[in-house]
Amino acid sequence: MGGAGRVGHTPLPGIGVRYDLVTRERRRLSVIAHLDGSRTLNVYRRDDPDDTAVSLKLNAEEAAAVVDALLPAHHSPNLLATAELGLVAERIELSSTSYWNGRVLGDTRMRTETGVSVVAVLRRAEAIPSPGPDFRLAGGDTLIVIGTREGVGVAAGILGRE
């Protein structure tokens with residue numbers, strides 16, 4: 001887990017990712033980021049660091065509200081408060097065997113079918129902002145998309161086609 005204030009993470013196959021933190025006061029916390037967007041916040045007991053004193057299950061909106069309450073000073077008025085608007089931003093990776101490998105973004109009909117926008121594509125060490133419909137996709141690309149949770153889920157299904 002590392003020293004005070006350091007966050008470690010552990011993949012939980014089929015569940016999500018667990019993030020662990022030890023506070024300055026030597027309190028152990030963990031957050032499980034579930035694949036469905038929900039979160040479980042665990043605070044462990046002082047006398048038994050393997051036993052939880054408190055465990056809270058939060059849906060995606062509740063988790064966003066907790067983040068907002070914890071970090072209000074870090075919000076820039078120029079940044080889009082996506083959670084309040086019902087939008088999410090996600091990374092979706094194209095596999096090397098993707099049906100879309102070598103095809104253009106417009107062929108996915110993603111925006112038309114899901115209302116989701118591709119705001120950037122990460123390819124190797126470069127980022128391509130605002131790719132147009134004629135942008136040619138490649139296996140290994142990571143698409144940064146924004147839309148409703150439902151739309152992003154459908155988009156992930158479309159892009160996951162092999």
Side-chain angles (χ1 to χ4, degrees), residues 1-2 6-21 29-42 55-162:
M1 251 187 294
R6 303 199 67 186
V7 176
H9 68 280
T10 304
L12 303 173
I15 297 170
V17 177
R18 185 185 74 221
Y19 297 92
D20 295 295
L21 170 76
L29 310 172
S30 74
V31 175
I32 299 172
H34 298 272
L35 296 174
D36 67 1
S38 67
R39 301 291 189 261
T40 301
L41 172 64
N42 296 306
S55 183
L56 297 172
K57 178 90 176 196
L58 305 170
N59 66 28
E61 292 77 25
E62 292 164 338
V66 169
V67 168
D68 189 55
L70 290 171
L71 299 173
H74 295 287
H75 287 277
S76 163
N78 296 328
L79 292 178
L80 178 64
T82 56
E84 292 173 13
L85 298 173
L87 300 175
V88 295
E90 297 271 342
R91 293 172 172 246
I92 301 173
E93 186 170 339
L94 287 182
S95 74
S96 58
T97 58
S98 173
Y99 170 82
W100 304 109
N101 187 10
R103 290 185 163 81
V104 295
L105 181 59
D107 287 351
T108 68
R109 297 184 42 81
M110 185 152 9
R111 190 173 198 148
T112 303
E113 299 293 324
T114 69
V116 168
S117 295
V118 177
V119 295
V121 174
L122 307 178
R123 180 176 288 166
R124 294 185 201 94
E126 78 174 307
I128 299 101
S130 304
D134 57 343
F135 178 81
R136 195 159 301 280
L137 298 166
D141 282 353
T142 298
L143 284 71
I144 308 298
V145 301
I146 191 165
T148 64
R149 175 146 309 279
E150 179 183 358
V152 168
V154 173
I158 290 170
L159 292 170
R161 181 176 171 194
E162 301 210 353

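All figures in this text were calculated on a predicted structure; none of them were measured in a lab.
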Requested in this report: Decide yes or no on side-chain contact (heavy atoms from CB on, under 4.5 Å) for Leu143 and Leu105, but give the supporting numbers first.
Outcome: CA-CA 10 Å; Leu143 284 71; Leu105 181 59; 4.2 Å; yes
Query - Partners meeting side chain to side chain donor-acceptor pair (under 3.5 Å) with Glu113 (sequence neighbours left out) - result: Arg109
Query - salt bridge (Lys or Arg N to Asp or Glu O under 4.0 Å) against Arg136, all qualifying residues, sequence neighbours excluded - result: none
Requested in this report: Of all the heavy-atom pairs spanning Leu94 and Leu159, show the shortest one and how long it is.
Outcome: CD2-O, 3.4 Å
Query raised in the report: Mind checking what makes side chain to side chain donor-acceptor pair (under 3.5 Å) contact with Asp107, not counting sequence neighbours?
Result: none
Query raised in the report: Closest heavy-atom contact between Val121 and Pro131?
Result: CG2-CG, 3.7 Å
**Report entry** Candidate pair Ile15 and His34, rule side-chain contact (heavy atoms from CB on, under 4.5 Å), full reasoning
**Finding:** CA-CA 5 Å; Ile15 297 170; His34 298 272; 3.8 Å; yes
Query - Residues in side chain to side chain donor-acceptor pair (under 3.5 Å) contact with Thr97, at least two apart in sequence or another chain - result: Ser95, Glu162
Requested in this report: Determine, stepwise, if the pair Thr108 / Leu137 fulfils side-chain contact (heavy atoms from CB on, under 4.5 Å).
Outcome: CA-CA 10 Å; Thr108 68; Leu137 298 166; 4.1 Å; yes
Requested in this report: Would you please name every residue forming a side chain to side chain donor-acceptor pair (under 3.5 Å) with Ser30, sequence neighbours left out?
Outcome: Asn42, Tyr44
Query raised in the report: Who passes side-chain contact (heavy atoms from CB on, under 4.5 Å) against Leu122, sequence neighbours left out?
Result: Arg91, Ala127, Thr142, Ile144
Query raised in the report: Mind checking what makes salt bridge (Lys or Arg N to Asp or Glu O under 4.0 Å) contact with Arg149, not counting sequence neighbours?
Result: Glu90
Report summary line: Contacts of Arg18 meeting salt bridge (Lys or Arg N to Asp or Glu O under 4.0 Å) (sequence neighbours excluded), chain-then-number -> Asp20
**Report entry** Non-hydrogen atoms of Asp36 and Ser38 that approach each other most closely
**Finding:** OD1-OG, 2.7 Å
Report task. For Ala33, check side-chain contact (heavy atoms from CB on, under 4.5 Å) against everything at least two apart and list the hits. Result -> Tyr19, Arg39
Report task. Grab the two heavy atoms, one from Asp134 and one from Val104, that are nearest each other, plus how far apart they are. Result -> O-CG1, 3.5 Å
Query raised in the report: Quick one: salt bridge (Lys or Arg N to Asp or Glu O under 4.0 Å) partners of Glu150, sequence neighbours excluded?
Result: none
Query raised in the report: Distance from Leu58 atom CG to Thr40 atom OG1, nearest 0.5 Å?
Result: 7.5 Å
Query raised in the report: Can you list every salt bridge (charged side-chain N to carboxylate O under 4.0 Å, His left out) pair that touches residues 121-133, not counting sequence neighbours?
Result: Arg123-Asp141
Query - Val145 versus Val116, closest heavy-atom pair with distance - result: CB-CG1, 3.5 Å
Requested in this report: Measure from the side-chain N and O atoms of Ser117 to the backbone N and O of Val119, and report whether any donor-acceptor pair falls under 3.5 Å.
Outcome: no
